[in-house]
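Taking it in order: structure first as structure tokens, then the write-up.
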2 protein chains.
Amino acid sequence: MQSMLREYKASIFQALAHPTRIAIVEALRDGEISARTIQERLGIEQANLSQHLAILRSRQIVANRKEGNQVFYSLRNKALVKVLDMMRRYFQAHLAEEVQMLGEIEAEDPARRKERLD
Amino acid sequence: MQSMLREYKASIFQALAHPTRIAIVEALRDGEISARTIQERLGIEQANLSQHLAILRSRQIVANRKEGNQVFYSLRNKALVKVLDMMRRYFQAHLAEEVQMLGEIEAEDPARRKERLD
DNA sequence: TGCGAATATTCGAGAAATCGAATATTCTAA
DNA sequence: TTAGAATATTCGATTTCTCGAATATTCGCA
């Protein structure tokens with residue numbers, strides 16, 4: 001019971017434990033887009049994207065809607081966006097501790113800095 | 001740059017992508033405890049716990065403090081707790097969609113239910 | 001000193017994740 | 001109905017993860 005919940009949590013984290021899948025979720029942040037669009041944005045192999053999407057689907061993280069020839073993907077649960085936002089704060093707080101990076105961060109353009117942390 | 005950040009995020013998610021490591025982080029939620037205590041609570045092999053702690057250490061998720069014979073672990077960044085809280089909401093929202101589980105959830109004792117969702 | 005407790009590391013085997021290539025499926029439009 | 005576009009699935013090779021067993025390290029205390 002308790003452990004089942006943890007396995008479930010772990011499976012969600014695991015689904016996000018890949019740069020490509022994080023990029024996918026981030027791409028879906030503002031609404032649904034087609035698989036083709038995602039592929040173009042990420043610049044990866046079609047089969048590979050499909051595999052990653054299959055993983056996100058199997059974890060119920062994304063929903064897909066067929067429209068004619070294409071498939072549109074979207075986030076099933078907006079709470080995940082908030083999780084990612086929280087993660088961003090985590091990274092900010094964490095990076096602040098990294099002395100070596102601190103210099104670069106403070107030196108760079110603020111707008112660029114914000115963008116980089118997205 | 002953007003992709004480095006994603007790899008970093010992915011590495012944090014990956015560090016949490018195991019039930020045992022989630023249990024460890026949850027055990028550290030209320031403050032530092034010794035490795036021995038964690039091991040007793042989780043009921044796992046000593047070597048195995050040490051391996052998982054090494055992973056959390058390598059991702060800078062936990063800090064460790066030596067005191068005599070034992071080592072006390074703690075969370076480096078409280079923001080992670082908020083991430084986990086957010087995840088809990090995610091699970092709750094998600095579980096609410098799962099019709100088959102809904103029956104069981106509503107049928108069970110409320111106190112027990114809250115505990116299970118932790 | 002040296003024994004025992006607490007913790008960490010190394011090693012090897014088995015399981016799981018990842019990728020591109022090849023192939024399948026489903027749809028549109030000619 | 002057939003060609004081609006969009007997407008999904010399968011396959012096999014490679015890499016990464018995970019575990020327990022064995023071993024190492026570090027510390028307190030007799």
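Remember, predicted model here, so these are calculated numbers, not experimental data.
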Give the nucleotide from the list [options] with an atom nearest to the side chain of [X].
X	options	value
B:A54	D:dT18, C:dT7, C:dT9	C:dT9
A:L53	C:dA6, D:dA8, D:dG20	D:dA8
A:Q70	D:dC27, C:dT7, D:dT7	D:dT7
B:N69	D:dT7, C:dA5, C:dA8	C:dA5

Taking the side chain as every heavy atom from C-beta outward, state whether [X] and [Y] have any atom pair closer than 4.5 Å.
X	Y	result
A:K9	A:I12	no
B:S34	B:T37	yes
A:L49	A:I24	yes
B:R29	B:D85	yes

Which residue lies toward the 5' end of DNA chain C, A:E67 or A:R21, if each is placed at its nearest nucleotide?
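This one resolves to A:R21.
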Between B:T37 and B:Q51, just flag the one whose closest nucleotide in DNA chain C comes earlier from the 5' side.
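Nearest-nucleotide comparison on DNA chain C picks B:T37.
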Side-chain N or O of [X] less than 4.0 angstrom from OP1 or OP2 on [N]?
X	N	answer
B:Y73	C:dA8	yes
A:N48	C:dC19	yes
A:H52	C:dA17	no
B:H18	C:dA15	no

Output the rounded distance in Å from [atom1] ([X]) to [atom2] ([N]).
X	N	atom1	atom2	answer
A:N64	D:dA6	CG	P	18 Å
B:Q39	C:dA6	CD	C1'	9 Å
A:L49	C:dC19	CG	C1'	13 Å
A:F72	D:dA6	CZ	P	12 Å
A:L42	D:dT7	CG	P	13 Å
B:I55	D:dT18	CD1	C1'	8 Å
A:E45	D:dA8	CD	P	15 Å
B:R36	C:dA6	CZ	P	5 Å

When all nucleic acid strands are considered with a 4.0 Å heavy-atom cut-off, which category describes B:A47: base, sugar-phosphate, or nothing?
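If one applies the 4.0 Å heavy-atom cut-off, B:A47 turns out to touch a base.
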When all nucleic acid strands are considered with a 4.0 Å heavy-atom cut-off, which category describes A:Q14: base, sugar-phosphate, or nothing?
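Touches sugar-phosphate only.
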For the helix from C:dT1-D:dA30 to C:dA30-D:dT1, figure out the bend between the end axes, five pairs an end, and round to 10 degrees.
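For the helix from C:dT1-D:dA30 to C:dA30-D:dT1, the axes at either end differ by 10°.
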Would you check if the side chain of A:R21 reaches a backbone N or O of A:A15 as a donor-acceptor pair within less than 3.5 Å?
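Yes.
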Are any side-chain N or O atoms of B:S58 and backbone N or O atoms of B:I55, one a donor and one an acceptor, separated by less than 3.5 Å?
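Yes; at least one donor-acceptor contact below 3.5 Å.
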A:Y73 and A:R57: side-chain donor and acceptor closer than 3.5 Å?
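Per modelled atom types, A:Y73 and A:R57 side chains form a pair under 3.5 Å.
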Between the side chains of A:Q14 and A:R59, is a donor N or O closer than 3.5 angstrom to an acceptor N or O?
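Yes, a side-chain donor-acceptor pair sits under 3.5 Å.
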Using only modelled atom types and a 3.5 angstrom limit, is any donor from either the side chain of B:Q46 or the base of D:dG20 paired with an acceptor on the other?
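Result: no qualifying N/O pair found.
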